[in-house]
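What follows is one structure encoded as structure tokens, with my remarks underneath.
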Amino acid sequence: MRARTDDTAGSTIFARRALLTDGWATNVRLTVTGGVLGEIAGDARPVDGDLECGIVLPGLCNAHSHAFQRALVGHTESRAAHATDTFWTWRTLMYRLAAALDAELLEAVAAQVYAEMVACGYTSVVEFHYLLGGNTAATSAAVFADALLGAAEQSGIRLIYVPVLYERGDFDEPALNDAQARFALPLDGYLGHYENVRDRLPEPHRIGLGAHSLRAVSPAALREVGEISAREDVPVHLHIAEQQREVDACLATLGARPVEWLLDNLHVDERWTLVHATHIDSDEVSQLAASGATVCACPTTEGNLGDGFFPLREFLTNGGRLAIGSDSHVTINPFEELRWLEYGQRLLSGQRNVAALVDRHTGASLYRRALAGGARAAGRDDGQLRPGAPADLIVLDDSDPLFVGHSDATLLDALVFSGRPPPIERVLVAGRWCVEQGVHAHADTIAANYRRAVAGASQCLQPGAGGTP
Ligand SMILES: [Zn+2]
């Protein structure tokens, strides 16, 4: 694995405005040493050698990613005459792409995805990686993990690598079909892979645990994964209730709805992130919020796949924790995820500013919630800029027309609801500038690799190409 070589140890940033733990502060000097923040002082003056800039925000965690699916974007937006297209037909094409992946293609796609993430303001990513069942030198779990780490290093993003257990075809189907076999490792092999990667991860990356879903993992194995998460104090991630069909199947086989079953049968706490808690009833909402678990919503992917609406207002009213993820990467823009999260609720309820509870400002409320929930999903306490915290931040151009006429109160509302690309000038991850003057440091090389690798692989997504449903 490649080491990071260009940390900007000992630099100082002077921000005319910065979002700190207590809210907005002006004329802020932030010291960065060895990848973490040192002293942070407000009402300061710039000193020779400071990097002077406009607006500084803590970077967000993208709490749910399947990097390889970036190559699928735009290939799934048509349907055969008289056919109904659903999540399940989309999955057929996704399986074709998964079957075509080798380590070189995975690294090229993931590097492009991660570079796009960093340029848009995500400074860390939880890679929910279930392609663990390859058995060749180009597809083994270890080689794929190295490919994702290589992509993280190229892009500069902070990676939380979450290998994902995948054991069976469905609740009542122990056998895997041909495509799903690519995802499967027995529990022993899965845990061996987790330990192997855990013990050799370079800074600043971290590891977590994952189980694909209740339909793809046995209760006994999920219980063991949960116990290891508690013992090792690492985050654990799980798809939970994305589609009504899996809720119905869960009721039929386990006698309970997915969130209901999980909370009744396992010790779910703040280490857990439940992805796509879309189809949950009121009892599940309140109990899930009380558990301390984080819900990761992926609004643009959930919209693209026709998943449904997460009961956001009810969950937040109950004190629930929220993170966001770009999941299939049909969109890579955290502000757009937050905007669509709110818009879905408005369309459903006929009301406005649904996510604004005590904070009153919807954009600010959503950003702060995604910051805190994303940090939890990554295994951190919070995502704030404070001494000792990781030096992960984004710098926005405060002269951009987007901000004209806005005060502290509405700055984040303007960012979330503008619908335009955020005016990001710079992005710092672990003390390293990954984006400067609005451009990713390695954008050209990463894009060239992506073009070369994906051009051949996308043949499998053309109409008439074979595949296993
Ligand atoms: Zn997912």
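Just so you know, these numbers use all the heavy atoms, side chains as well, and skip hydrogens, waters and symmetry mates. Ligands are counted one by one from 1 in listed order, and the atoms in each one are counted from 1 as well. Index from 1, following the sequence.
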Between D382, L322, D381, which is the residue that forms a side chain to side chain contact (heavy atoms under 4.5 Å, CB included) with R376? D381

Given S286, which partner from the list I280, N318, T317 fulfils the side chain to side chain contact (heavy atoms under 4.5 Å, CB included) test? N318

L251 and W261: side-chain contact (heavy atoms from CB on, under 4.5 Å), yes or no, with the steps? CA-CA 9 Å; L251 274 164; W261 184 90; over 6 Å; no

Salt bridge or not for E342 and R346, using N-O below 4.0 Å? yes

Of all N, O or S atoms in H66, the one closest to the Zn ion (ligand 1) is NE2

Output yes if H239 passes the N/O/S-under-2.8 Å test against the Zn ion (ligand 1); output no otherwise. yes

Any N/O/S atom, side chain or main chain, of C298 closer to the Zn ion (ligand 1) than 2.8 Å? no

